[in-house]
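These notes concern the structure reproduced below.
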Protein chains: 2
Amino acid sequence: MPQGERAEKVQDTEEEGASRQRGRYPKGILRRQQILDRTIEVFAEHGFEGTSLRAIGDAIGVSHAALKRYFETREELFVEVLREKDRQALADARVDVVETIDFASHLEDYVSRAPGLVALRHGMVARAIEPGNEHSRAFFVERYDSIRKEALLILRLAQAVGTVRADISPEVAASLVIAAMDGLSTQWLLDPQVDMNRGMTLLEHLLRPVAD
Amino acid sequence: MPQGERAEKVQDTEEEGASRQRGRYPKGILRRQQILDRTIEVFAEHGFEGTSLRAIGDAIGVSHAALKRYFETREELFVEVLREKDRQALADARVDVVETIDFASHLEDYVSRAPGLVALRHGMVARAIEPGNEHSRAFFVERYDSIRKEALLILRLAQAVGTVRADISPEVAASLVIAAMDGLSTQWLLDPQVDMNRGMTLLEHLLRPVAD
DNA sequence: CAGGAAAAGCTCCGAGTGGAACTTTTTTTG
DNA sequence: CAAAAAAAGTTCCACTCGGAGCTTTTCCTG
């Protein structure tokens, strides 16, 4: 629930009197979206350090301070970018993928979504596990929880249908599958010679019933 | 081959004449080690952003510029810290671990080695996959290559002995095992409720021959 | 055990960052 | 449709960073 503080605060402190708290202007809504869109582009080109509030501001023809009207800190802006991309990904998700345990193609989607996105996520996870950075930490804890649950559903279904062996904990398997995706994409990003799909496919194979 | 430039350069440019190039003084050697040791401590406490050359310098009672005599950039210093820790880990490695496919305990070692070490590595990997940062990129490409090879040896041995199923590619499995370690430790660092060992143990279980 | 050369270290400098106070623009509303 | 109030945006400021040039210390060498 980002950027909702304004309304709350006014609502809480002032209780009578006319005309207060107008909310975002149309122009502001557009600008906010523009910032989110441009940020990932700037990041893809210039990396983490190169993506200062000023650099993003320059890219859209506005001062760095303007961005702070929309996002308290750079950290928060980045988190919102990721949140937005997650929303988009969820919207585009092909339903048929849920029916099968084709994690390899999930991974394909994941890494090819937008240039720089995986790098941004990586950088943010790295920050999230450090002391401080509570904001990003909270986001990722929640996010991993959510994608583990998603994987869990798929695995349970697959166990019911018999395409995944039934003698393993689907909860633990969900963690493992997500971990493999993360880890394989890391290796691939470092060295494109590493074939992530083969790794992911192997895991899928290992998960299949032994009678296969 | 870090810090070797000095000798080379002098050797190359000047060819005759007495007394040139003396190499590091004893004091310098100690200092260099001290910097490496302190850096990880400062990092554990203050995170990536908080670990500026100045902060490290302050921690050992020296100006930030002094550190630059030993390491060209902060990036390079961090890489050397990781290299050093890898060396130590290799030295401490229990030989008996190689005999079995106990990847779970490998992982334990890995994450509990020094506070902040995993976070530092994470942060550096994140930087390495971005444009620029060739220095860290090269280090990690090389490092992952090396640990994949290590895992490969263990897996091949296990296949020969019959503790890992023989119908899978040990190369791909090596990649997968490393990926799982990385990914599980990430999830655990974000949320200690996640039990890495169960994930790793599951993977080991899946790797065992089907007749088990 | 002195003299000197290179190593080790410090101080100051320009660049770039996020934050605060102020100005302009956009809309709402009476 | 004008007045006013909040949103949107800018300019300036204080701080920290890494880098260059200069000084001091260390310790080879004759």
Side-chain angles (χ1 to χ4, degrees), chain A residues 3-11 13-14 17-35 38-39 42 46-78 127 132-133 135, chain B residues 3-11 13-14 17-35 38-39 42 46-78 127 132-133 135:
Chain A
Q3 297 308 104
E5 333 80 337
R6 192 168 294 102
E8 297 163 7
K9 195 172 290 174
V10 175
Q11 214 74 321
T13 49
E14 304 190 315
S19 73
R20 38 192 153 67
Q21 174 240 0
R22 288 188 188 173
R24 203 118 259 167
Y25 287 174
K27 185 181 182 182
I29 295 171
L30 252 52
R31 172 98 336 144
R32 195 187 130 96
Q33 192 56 46
Q34 186 187 24
I35 296 168
R38 285 283 190 157
T39 296
V42 175
H46 301 101
F48 220 109
E49 322 272 298
T51 309
S52 59
L53 292 181
R54 266 179 180 79
I56 303 167
D58 286 357
I60 64 183
V62 111
S63 84
H64 80 280
L67 307 198
K68 302 204 74 199
R69 278 238 123 26
Y70 302 91
F71 310 94
E72 294 276 328
T73 67
R74 189 175 68 144
E75 205 75 9
E76 189 185 308
L77 165 55
F78 285 162
R127 272 158 185 82
N133 304 96
H135 196 80
Chain B
Q3 296 311 104
E5 332 80 336
R6 191 169 295 101
E8 297 164 4
K9 195 173 291 175
V10 175
Q11 214 74 321
T13 48
E14 305 190 315
S19 73
R20 37 192 154 68
Q21 175 238 3
R22 288 188 187 175
R24 204 118 257 169
Y25 286 174
K27 184 180 183 184
I29 294 170
L30 253 51
R31 174 101 329 149
R32 195 187 130 96
Q33 192 57 47
Q34 186 186 25
I35 296 169
R38 285 284 189 158
T39 296
V42 175
H46 301 101
F48 222 110
E49 322 272 299
T51 310
S52 58
L53 293 180
R54 266 181 180 78
I56 303 167
D58 286 358
I60 64 183
V62 110
S63 85
H64 79 282
L67 308 199
K68 301 205 75 200
R69 285 245 155 263
Y70 303 91
F71 309 94
E72 295 276 328
T73 67
R74 189 176 68 143
E75 204 74 8
E76 188 184 310
L77 165 56
F78 285 162
R127 271 156 186 82
N133 302 98
H135 196 80

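In what follows, chains are A, B, ... by sequence order, proteins preceding strands, each numbered from 1. Only heavy atoms go into these numbers, but all of them, side chains included; no hydrogens, no water, no symmetry mates.
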Starting at the 5' end of DNA chain D and moving along, which residue's nearest nucleotide shows up first, Gly28(B) or Pro26(A)?
-> Pro26(A)

Which heavy atom in Phe48(A) sits nearest to a heavy atom in Arg74(A), and how many Å separate them?
-> O-NH1, 3.1 Å

Do [X] and [Y] make a side-chain contact, defined as non-hydrogen atoms from C-beta onward lying under 4.5 Å apart?
| X | Y | value |
| --- | --- | --- |
| Tyr70(B) | Arg24(B) | yes |
| Leu77(B) | Leu53(B) | yes |
| Val42(B) | Asp58(B) | no |
| Val62(A) | Arg31(A) | yes |

Looking at [N], I'd like to know if its phosphate oxygens (OP1 or OP2) sit under 4.0 Å from a side-chain N or O belonging to [X].
| X | N | result |
| --- | --- | --- |
| Arg31(B) | dG9(C) | yes |
| Lys68(B) | dG19(D) | yes |
| Lys27(A) | dA8(D) | no |
| Arg24(B) | dC27(D) | no |
| Tyr70(B) | dA7(C) | no |

Value for CZ (Arg32(B)) from CG (Leu67(B)), rounded to nearest 0.5 Å, stands at 12.0 Å

Write down the distance between [atom1] ([X]) and [atom2] ([N]), rounded to a whole number of angstrom.
| X | N | atom1 | atom2 | answer |
| --- | --- | --- | --- | --- |
| Leu30(A) | dA8(D) | CG | P | 11 Å |
| Leu77(B) | dC17(D) | CG | C1' | 15 Å |
| Tyr25(B) | dA6(C) | OH | P | 9 Å |
| Phe48(B) | dC17(D) | CZ | C1' | 15 Å |
| Ile29(A) | dG9(D) | CD1 | P | 12 Å |
| Gln34(B) | dA8(C) | CD | C1' | 13 Å |
| Glu49(A) | dG18(D) | CD | C1' | 12 Å |

Answer yes or no on whether Arg127(B) is positioned over the face of Phe78(B), meaning its NZ or CZ is under 6.0 Å from the six-membered ring centre and within 45° of the axis.
-> no

Return yes if the base of dG16(C) and the side-chain atoms of His64(A) contain a donor-acceptor N/O pair under 3.5 Å, otherwise no.
-> no

Taking atom types as they are modelled, is there a donor-acceptor pair under 3.5 Å from the base of dA7(D) to the side chain of Arg69(A)?
-> no

Judged by nearest nucleotide, the residue sitting upstream toward the 5' end of DNA chain C, Ala65(B) or Arg74(A), is Ala65(B)

Could you identify which residues of residues 52-63 of chain B place a heavy atom less than 4.0 Å from some atom of DNA chain D, listed by residue number, or say none?
-> Ser52(B), Leu53(B), Arg54(B)

